[in-house]
K.L.:
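Structure below; questions to follow.
Letters go in sequence order (proteins before strands), and every chain restarts at 1.
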Amino acid sequence: MVTLNFTFAALKFYSTMDRKVRVRFAPSPTGPLHMGGVRTALYNYLFAKKHDGDFLLRIEDTDQTRYVEGAEAYIQEALKWCGILPNEGQGYGGDVGPYKQSERKEQDLYRKYAQQLLDEDKAYYAFDTPEELEQMREDLKKAGVAAPQYNAISRMRMKNSVSLSTEEVEKRIANGDPYVIRIKIPRNEEIKFKDMIRGWVSVHSSNLDDKVLYKSDGMPTYHLANIVDDHLMNITHVIRGEEWLPSAPMHVYLYEAFGWENTRPEFAHLPLLLKPDGNGKLSKRDGDRLGFPVFPLEWQDPETKEVSSGYREKGYFPEAFVNILAFLGWNPGTNQEVFSMEELIESFSFERVGKAGAKYDPDKARWFNQQYLRSKSNEAIADELLAFHDEIEEIKQVEKPYLAEVCGLMKERATFLADIPREGAYLFHPADDFDEKTVRKKWKEDSAGLMEEWADELESLNEFTAEKVEESFKSFLEKKELGIGRVLPLFRLLLTGQGMGPSMFAIAALLGKEESLKRMKNGISTLG
RNA sequence: GCCGCGUUCGUCUAGGGGUCCAGGACGCCGCCCUUUCACGGCGGUAGCACGGGUUCAAAUCCCGUACGCGGUACCA
């Protein structure tokens, strides 16, 4: 047995080695793409790029009842924002399209494969009504069957082309009776495959259901469409979420039933993304509850009009978002944590993807964004502020070089772009009021007089640079025989209204002599 | 219930029999730097789910238990 497995694995290895790597991301347009979905797309993308392969986007919309307006456009936009760009697929063209299953169905691409299975006695027609199915499951449960299924045993008591006579089946079909096509899972077989992340996964066929492959509405189910499309699109590796692991053996069996086992893709089932507190997978609700987005982009439900926040709108950089996602389930095995997309491609491998679900940590996510913000040049940050935050009045009221200098001053204490103009609002216009606590602690009776003297010193400066202001300030302290902590907070209070912030001399220099003196004068008269 | 997958600091994780009285990062705490806040530096807190094996030696291998998650649809 061991020898057999080894041989099988070796054969598989060779058969996929000489094929160009082709992977696909295949979401259903049933709503906005969840960050877990984006991560699946990302891992597919990284794997494809790493191996000079293709990354395709396929839309799996076989369930017409769950179609949501705008969801497909959302998927496209989200991937674009993240820089996870398909080089083939829906919206990108390619030789093996269409890339949308509803359109493929129009071309009748699926029915013939179901027919092939029917002809080879590997699938059968079933006429059972939903009520009959429910009844069967109930009866089996009552009879003490632990896992009621439509399988090799129970199928004999149902209405299908295995249990019914040929004449009866033909009559029903001719009559137009609704039917589905079910896969005929063999009764006693061990089905195994080697998952790239989990190793050997083995399930006995008695635990598999005779799943519906073709629905009575004429649409294939996911199971059929997925296998047929992956085969027709020459997919070499199926990288998807762990929720698919239970049906993977059935998919493996389907490849065998079709006679496609030699080109069957490899599987990698990704660990789930879990909610930050407690257990269970990350859901839309958790974001609302804990105050962080679970979607890449903001989304408004077309029916309920309910708005879900997005990483983009919250101020996350796409590079940071990708970096965050990459580290939820994968790590490079080194101490490096900040990775560009290129570096991720270079380092990515399934050997370093974990098996256990990863709890999402919003704090760590913020930290990543901060790292990216700090690593950008002042000019780049100014550009991004102007491009993405035109709702902020301040940034439009100054020249860009000035804005860039503000960014330089503020970026080390900010996490998001918008923090800069908010926390540094006083660099754009005088503060509305003075920080009460600082006034109480620092503004004494003699403060006004002291600041007037200091203003005179500033007035006499010819060069109003940070260095000159500092120099002048030092000699002022010496002259007055005062400590820096007595005087500087007053200066800061007058110019910024705050008790904290970046270097006071840099602030004064940035504001300029005239503005600095004006603020001092106004402040002194207000505070007395 | 049944089937499958999983389980190292609060969180993300390194670790694939000895070099681990378990390393890094986020968070938290303390100290230093600083007018202040932040940054930075230094230090600290805290973990191998449990029980049996195997072995001279186990976080690492095997079995079991517990717990968690996923699946159990004519949804994907």
K.L.:
Is S503(A) near enough to rU34(B) that one of its side-chain N or O atoms lies under 4.0 angstrom from OP1 or OP2?
P.N.:
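Result: no.
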
K.L.:
Could you work out which one of rG6(B), rG1(B), rU35(B) sits closest to the side chain of I484(A)?
P.N.:
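Minimum distance to the I484(A) side chain belongs to rU35(B).
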
K.L.:
Check this for me: does the side-chain of R66(A) come within 3.5 Å of the base of rC75(B) through a donor and an acceptor?
P.N.:
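Indeed, a donor on one side and an acceptor on the other fall under 3.5 Å apart.
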
K.L.:
When rounded to the nearest Å, what value does the distance between P atoms of rG64(B) and rG4(B) take?
P.N.:
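Those two atoms are separated by 11 Å.
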
K.L.:
For D277(A) and rG10(B), give me the distance from atom CG to atom C1', rounded to whole Å.
P.N.:
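Spelled out: CG on D277(A) to C1' on rG10(B) is 12 Å.
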
K.L.:
With a 3.5 Å cut-off and just heavy-atom distances, do the side chain of T221(A) and the base of rC74(B) make a donor-acceptor pair?
P.N.:
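Looking at the base of rC74(B), it does not pair with any donor or acceptor on the side chain of T221(A) (distance under 3.5 Å).
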
K.L.:
Distance alone, cut at 3.5 Å: any donor-acceptor contact between the side chains of T415(A) and N369(A)?
P.N.:
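No, because no side-chain N or O of T415(A) sits under 3.5 Å from a partner of the opposite role on N369(A).
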
K.L.:
For the residue pair H269(A) and F267(A), does the interplanar ring angle fall in the parallel (under 30°), tilted (30 to 60°) or perpendicular (over 60°) class?
P.N.:
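The arrangement is parallel - the two ring planes meet at less than 30°.
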
K.L.:
Whole-Å distance between rC37(B) P and R413(A) CZ?
P.N.:
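My rounded result for the distance is 10 Å.
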
K.L.:
At 4.0 Å (heavy atoms only), tell me whether G280(A) reaches a base, stays on the sugar-phosphate, or touches nothing.
P.N.:
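Touches sugar-phosphate only.
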
K.L.:
Do we see a donor-acceptor contact under 3.5 Å between the side chains of H204(A) and E190(A)?
P.N.:
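Per modelled atom types, H204(A) and E190(A) side chains form a pair under 3.5 Å.
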
K.L.:
Using the P atom in both, what is the distance from rG23(B) to rG43(B), to the nearest Å?
P.N.:
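Per the computed distance, 13 Å lies between those P atoms.
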
K.L.:
Of the options rU72(B), rG27(B), rU35(B), whose atoms approach the side-chain atoms of L488(A) most closely?
P.N.:
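The answer is rU35(B).
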
K.L.:
Measure from CG on L272(A) to P on rU7(B) and round the result to the nearest Å.
P.N.:
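Rounded to the whole Å, the gap is 14 Å.
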
K.L.:
Considering every strand and a 4.0 Å limit on heavy-atom distances, what is the contact class for P502(A): base, sugar-phosphate, or nothing?
P.N.:
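The residue P502(A) makes base contact.
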
K.L.:
In whole Å, I'd like the distance from the CZ atom of F127(A) to the P atom of rC74(B).
P.N.:
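Interatomic distance, CZ of F127(A) to P of rC74(B): 16 Å.
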
K.L.:
Indicate whether the side chain of Y150(A) and that of N160(A) have a donor and an acceptor atom separated by less than 3.5 Å.
P.N.:
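Short answer, yes.
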
K.L.:
Would you measure the distance from the C1' atom in rU45(B) across to the matching atom in rG10(B) and give it in whole Å?
P.N.:
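The same atom, C1', in both gives a distance of 11 Å.
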
K.L.:
Name the pairing partner of rU11(B), where a pair is Watson-Crick or G-U wobble with both distances under 3.5 Å, or state none.
P.N.:
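Its partner is rA25(B) (Watson-Crick or G-U wobble, both distances under 3.5 Å).
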
K.L.:
How would you label the contact of T334(A) with the nucleic acid (heavy atoms, under 4.0 Å): base, sugar-phosphate, or nothing?
P.N.:
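If one applies the 4.0 Å heavy-atom cut-off, T334(A) turns out to touch nothing in the nucleic acid.
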
K.L.:
If the P atom of rC62(B) is compared with that of rG18(B), how far apart are they to the nearest Å?
P.N.:
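Straight-line distance between the two P atoms is 16 Å.
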
K.L.:
Measure from the side-chain heavy atoms of N207(A) and tell me the nearest of rU13(B), rC3(B), rG70(B).
P.N.:
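Closest of the options to the side chain of N207(A): rC3(B).
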
K.L.:
Mapping K215(A) and W367(A) to their closest nucleotides on RNA chain B, which lands nearer the 5' end?
P.N.:
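The residue mapped nearer the 5' terminus is W367(A).
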
K.L.:
Whole angstroms only, please: what is the CG-P distance between L495(A) and rU35(B)?
P.N.:
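For the pair L495(A) CG and rU35(B) P, the rounded distance is 17 Å.
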
K.L.:
Of the options I59(A), D229(A), L56(A), which is the one that meets Y99(A) in a side-chain contact (heavy atoms from CB on, under 4.5 Å)?
P.N.:
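Filter result, single survivor: L56(A).
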
K.L.:
Using atom P in both nucleotides, what's the gap between rA38(B) and rA14(B) to the nearest angstrom?
P.N.:
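Their P atoms lie roughly 32 Å apart.
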
K.L.:
At under 4.0 Å between heavy atoms, what does D210(A) touch on the DNA or RNA strands: base, sugar-phosphate, or nothing?
P.N.:
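Answer is nothing: D210(A) stays at 4.0 Å or more from every strand.
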
K.L.:
When you compare rU55(B) with rU60(B), how far apart are their C1' atoms, in angstrom units rounded to a whole number?
P.N.:
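Comparing C1' positions in rU55(B) and rU60(B) gives a spacing of 13 Å.
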
K.L.:
Could you check whether F327(A) gets within reach of a base, just the sugar-phosphate, or nothing at all, counting any heavy atom under 4.0 Å?
P.N.:
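Sugar-phosphate, no base atom in range.
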
K.L.:
Ignoring backbone atoms, test whether N335(A) places a side-chain nitrogen or oxygen under 4.0 Å from the OP1 or OP2 oxygen of rA25(B).
P.N.:
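Answer no for this pair, as no side-chain N or O of N335(A) is under 4.0 Å from OP1 or OP2.
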
K.L.:
With a 4.0 Å cut-off on heavy atoms, is K442(A) in touch with a base, just the backbone sugar-phosphate, or nothing at all?
P.N.:
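No contact.
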
K.L.:
Rounded to the nearest angstrom, tell me the gap between atom CD in E337(A) and atom C1' in rG24(B).
P.N.:
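My rounded result for the distance is 7 Å.
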
K.L.:
Using only side-chain N and O atoms of R492(A), determine if any of them is under 4.0 Å from OP1 or OP2 of rC37(B).
P.N.:
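Checking R492(A) against rC37(B): no side-chain N or O falls below 4.0 Å of OP1 or OP2.
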
K.L.:
Report the base-pairing partner of rG17(B) (Watson-Crick or G-U wobble, both distances below 3.5 angstrom), or none.
P.N.:
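Partner of rG17(B): none.
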
K.L.:
Base, sugar-phosphate, or nothing for R137(A), non-hydrogen atoms under 4.0 angstrom?
P.N.:
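R137(A): backbone/sugar contact only, no base atoms under 4.0 Å.
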
K.L.:
Below 4.0 angstrom from OP1 or OP2 of rG15(B), is there any side-chain N or O of R352(A)?
P.N.:
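Yes, within the criterion.
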
K.L.:
Does any nucleotide pair with rC33(B) by Watson-Crick or G-U wobble geometry, both distances under 3.5 Å, and what is it?
P.N.:
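For rC33(B), the partner nucleotide comes out as none, under the 3.5 Å rule.
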
K.L.:
Closest to the K364(A) side chain: rA76(B), rC74(B), rC26(B)?
P.N.:
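Nucleotide nearest to K364(A)'s side chain: rC26(B).
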
K.L.:
In a check of side-chain contact (heavy atoms from CB on, under 4.5 Å) between P276(A) and each of L290(A), D361(A), D363(A), which one passes?
P.N.:
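Only one of L290(A), D361(A), D363(A) forms a side-chain contact (heavy atoms from CB on, under 4.5 Å) with P276(A), namely L290(A).
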
K.L.:
Taking D61(A) first and then R66(A), would you say they form a salt bridge - that is, a charged N and a carboxylate O separated by under 4.0 Å?
P.N.:
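Between R66(A) and D61(A) there is no salt bridge, as every charged N stays at least 4.0 Å from the carboxylate O atoms.
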
K.L.:
For G483(A), which contact category applies under a 4.0 Å heavy-atom criterion: base, sugar-phosphate, or nothing?
P.N.:
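G483(A): no heavy atom of the nucleic acid under 4.0 Å.
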
K.L.:
From the set rC75(B), rU11(B), rG6(B), return the single nucleotide nearest to any side-chain atom of K355(A).
P.N.:
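Out of rC75(B), rU11(B), rG6(B), the nucleotide with an atom closest to K355(A)'s side chain is rG6(B).
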
K.L.:
Counting the atoms with a prime plus P, OP1 and OP2 as sugar-phosphate, which does R486(A) contact under 4.0 Å by heavy atoms, base, sugar-phosphate, or nothing?
P.N.:
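The answer is nothing, as R486(A) stays clear of every strand by at least 4.0 Å.
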
K.L.:
Mind checking who rG68(B) pairs with, Watson-Crick or G-U wobble, both distances under 3.5 Å?
P.N.:
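Paired with rG68(B), as far as the under-3.5 Å criterion goes, is rC5(B).
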
K.L.:
Please determine, for the side chain of V203(A), which listed nucleotide (rG70(B), rG4(B), rU36(B)) has the closest atom?
P.N.:
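That would be rG4(B).
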
K.L.:
Counting side-chain heavy atoms from C-beta on, which of rA25(B), rC5(B), rU35(B) comes nearest to V201(A)?
P.N.:
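Nucleotide nearest to V201(A)'s side chain: rC5(B).
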
K.L.:
Quantified in whole Å, what is the P atom distance between nucleotide rG15(B) and nucleotide rU7(B)?
P.N.:
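About 13 Å, rounded to a whole number of Å.
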
K.L.:
When the distance from CD of Q370(A) to C1' of rA25(B) is rounded to whole Å, what number comes out?
P.N.:
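These atoms are roughly 13 Å apart.
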
K.L.:
Picking from rC5(B), rA76(B), rG40(B), which would you name as closest to the side chain of R198(A)?
P.N.:
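So the side chain of R198(A) is nearest to rC5(B).
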
K.L.:
Is there a donor in the side chain of E72(A) and an acceptor in the side chain of Q90(A), or the other way round, less than 3.5 Å apart?
P.N.:
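The answer is yes; a qualifying pair exists.
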
K.L.:
Hey, are Y222(A) and D63(A) close enough side-chain-wise for a donor-acceptor pair under 3.5 Å?
P.N.:
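No - no donor-acceptor pair under 3.5 Å links their side chains.
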
K.L.:
What is the distance, rounded to the nearest whole Å, between atom NE2 of H251(A) and atom C1' of rG71(B)?
P.N.:
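Those two atoms, NE2 and C1', are 12 Å apart.
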
K.L.:
Mind checking R366(A) for me? I need base, sugar-phosphate or nothing, with any heavy atom below 4.0 Å counting as a touch.
P.N.:
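The answer is nothing, as R366(A) stays clear of every strand by at least 4.0 Å.
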
K.L.:
Expressed in whole Å, how much space separates the C1' atoms belonging to rU8(B) and rC3(B)?
P.N.:
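Here rU8(B) and rC3(B) have their C1' atoms 28 Å from each other.
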
K.L.:
Who does rA46(B) pair with, Watson-Crick or G-U, both distances under 3.5 Å?
P.N.:
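Check on rA46(B): unpaired, no WC or wobble geometry under 3.5 Å.
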
K.L.:
Check every strand shown and say whether G333(A) touches a base, only sugar-phosphate, or nothing at a heavy-atom separation below 4.0 Å.
P.N.:
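Nothing, no nucleic acid heavy atom in range.
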
K.L.:
Please compare L328(A) and H223(A) by the position of their nearest nucleotide in RNA chain B and report the one closer to 5'.
P.N.:
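First, find each residue's nearest nucleotide; the 5'-ward one identifies L328(A).
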
K.L.:
In the strands shown, is rA59(B) matched to any nucleotide by a Watson-Crick or G-U wobble pair with both distances under 3.5 Å, and which?
P.N.:
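With both distances under 3.5 Å required, rA59(B) matches none.
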
K.L.:
If pairing requires Watson-Crick or G-U wobble contacts with both distances under 3.5 Å, which nucleotide is the partner of rC74(B)?
P.N.:
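rC74(B) is paired with nothing.
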
K.L.:
With side-chain contact (heavy atoms from CB on, under 4.5 Å) as the criterion, how do R39(A) and I324(A) come out once you've worked through the C-alpha distance, each side chain's angles and the decisive distance to 0.1 Å?
P.N.:
CA-CA 9 Å; R39(A) 190 198 55 172; I324(A) 292 160; over 6 Å; no

